Every structure is written in C-alpha cells, then in structure tokens.
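Please read the structure below before turning to the comments.
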Amino acid sequence: MIQPKERKVVKGFIFDMDGTLTVPVIDFAEMRRRCGVMTGDVLDTIAGWPAEKQLVANQAIREVEQEALQHMQLMPGLLDLCSFLEAQGLPRQVVAGSRAGMDTILIDTLHNYTDRSALEGEQKPSHIVTSLAEIPELLQTYYCLERPAQSSASDNPAPQAAMKL
C-alpha cells in the first residue's frame, strides 16, 4: 500500500470526451473517407488545404459527428464516478487533445491492454482500468485527493495538478 505522503496530490480532473465520458460512436474511418484524409492527423492535414476545400472537409466532419450524436450514450459508471468526484470537492472539465504533464487513466473496456509496459511514450498511461467504476478505489489508493481552496468570482482558478481520463 502506498503511504499518504508518497501519493501525488490531485486537485481536479480533465476528461476527454469520446471513449471516456461517452461510449465511442464516432466512425473515424468514415470521417477519413468523407474528408479524403486516409493517413496522418485529419485536422492537421485539412488545416493545410485551401479555404474552399477546408469548408467541404469540415462539413463532412460535422456530418459524421452529427450522425454519431444519434447513438451517443454515457459511459457505464460515469454518474457514479462524477458523484464520487463531487463528494471529494474536485472540479472537472472536458477537453480534447493534449495531456502534457498529467497522469492518465486508460479505460480499456475490451481488455486490449493487459500489460501497461507494452505501450510507450505518449501512449503509455499512468493506469489502466476496465471500467469507470474502478477509478474511485484507484484514486484513493494512489493519490491524495485535495479539495481546492475556495476562490472569489474574480479569481481565475486552475487546478495545480490534474488528471486526464
């Protein structure tokens, strides 16, 4: 068991959307096909195109995302996890993209990543779980959950430490 003084302090959570808060439903292969970007980062590739071509590709992305909304569901265990975080007084935000400087938790519902050491660099998470229901115990075991100090409306509160899921 990790002793409390050895645990990292967590003052907030940053959630990624697709595959974390919601069950993954975006058909990225279809998005690539409609945009005409079969390799590389879709958004970076489109950003380098002429304005008219960008408009067409961005419309294709919006259509695929709109279709996905018809089937979107909350990830099982999300409401319980949010209740736990609320009870701890930990703020939450939703973002996409960068995870620089954050501990990460990979939610592997299909059991594809049984060995964390098989992942390298940016892909290697701090922890792997198979459901959101495992996260409260993981947090209580490995982290010191610290409620941020109350701030006034004029303050710009930002967690000193955050975890991306």
Side-chain angles (χ1 to χ4, degrees), residues 1-31 41-44 61-165:
M1 173 72 103
I2 294 178
Q3 298 302 313
K5 66 182 179 184
E6 298 171 0
R7 298 183 201 175
K8 289 183 180 180
V9 174
V10 174
K11 293 185 178 184
F13 274 77
I14 300 173
F15 288 95
D16 191 18
M17 188 71 159
D18 194 45
T20 302
L21 297 179
T22 62
V23 175
V25 292
I26 295 177
D27 187 342
F28 289 103
E30 177 63 12
M31 182 183 290
D41 184 86
V42 173
L43 298 178
D44 286 345
I61 290 171
R62 281 190 294 278
E63 289 171 2
V64 170
E65 290 175 341
Q66 189 64 36
E67 292 165 11
L69 284 175
Q70 306 305 313
H71 305 286
M72 190 171 287
Q73 300 174 17
L74 293 179
M75 184 67 82
L78 177 62
L79 298 179
D80 291 336
L81 175 59
C82 287
S83 294
F84 171 80
L85 296 174
E86 181 71 25
Q88 301 301 313
L90 297 172
R92 296 156 309 277
Q93 295 291 323
V94 177
V95 298
S98 177
R99 60 178 245 186
M102 294 183 207
D103 281 12
T104 58
I105 300 173
L106 172 64
I107 303 166
D108 181 22
T109 58
L110 300 177
H111 306 277
N112 290 326
Y113 302 98
T114 55
D115 183 9
R116 208 175 68 81
S117 65
L119 299 168
E120 298 179 8
E122 189 73 13
Q123 293 182 327
K124 189 172 188 173
S126 306
H127 305 278
I128 298 175
V129 297
T130 57
S131 77
L132 293 176
E134 296 173 46
I135 294 176
E137 182 178 347
L138 181 146
L139 294 175
Q140 291 173 321
T141 301
Y142 294 101
Y143 297 91
C144 177
L145 304 177
E146 186 174 303
R147 190 180 299 248
Q150 296 295 329
S151 59
S152 69
S154 63
D155 291 341
N156 184 12
Q160 292 180 359
M163 176 167 290
K164 183 174 180 186
L165 297 180

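The model shown is predicted, which means the values in this text are computed figures rather than measured ones. Excluded from the calculations below are hydrogen atoms, water molecules and symmetry mates; all remaining heavy atoms, backbone and side chain alike, are included.
Note that the CD1 atom of I105 and the CG atom of L138 stand 5.0 Å from one another [nearest 0.5 Å]. To the nearest 0.5 Å, the span separating OG1 on T22 from CZ on F15 amounts to 12.0 Å.
In this structure, I26 and V64 approach most closely via the heavy-atom pair CG2-CG1, 4.1 Å. Residues L74 and V23 approach most closely at O-CG2, 3.8 Å, considering heavy atoms. Here the closest heavy-atom approach between residue L90 and residue G12 is recorded as CD2-N, 4.3 Å. In plain terms, the two heavy atoms of I128 and P125 that are nearest each other are CG1-CG, 3.7 Å.
Under the rule for a side-chain contact (heavy atoms from CB on, under 4.5 Å), the partners of Q66 that lie at least two apart in sequence or sit in another chain are L69, Q70.
Without hydrogens or angle criteria, E134 side chain to S131 main chain gives a donor-acceptor distance under 3.5 Å. With hydrogens and angles ignored, the 3.5 Å screen pairs a side-chain donor or acceptor of R7 with a backbone N or O of Q140.
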Can you list, pair by pair, the side-chain donor-acceptor contacts under 3.5 Å of residues 75-88, counting residues two or more places apart and other chains?
from: S83; atom 1: OG; to: L79; atom 2: O; distance (Å): 3.0
from: E86; atom 1: OE1; to: R92; atom 2: NH2; distance (Å): 2.6

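In this pair, Y142 and H127 present their aromatic rings tilted. The plane angle is within the 30 to 60° band.
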**Message:** Test side chain to side chain contact (heavy atoms under 4.5 Å, CB included) on L43 and I61; report intermediate values, then the result.
**Reply:** CA-CA 10 Å; L43 298 178; I61 290 171; 3.8 Å; yes

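In the displayed structure, E67 atom CD is contacted under 6.0 Å by more than 12 heavy atoms of other residues, nucleotides or ligands.
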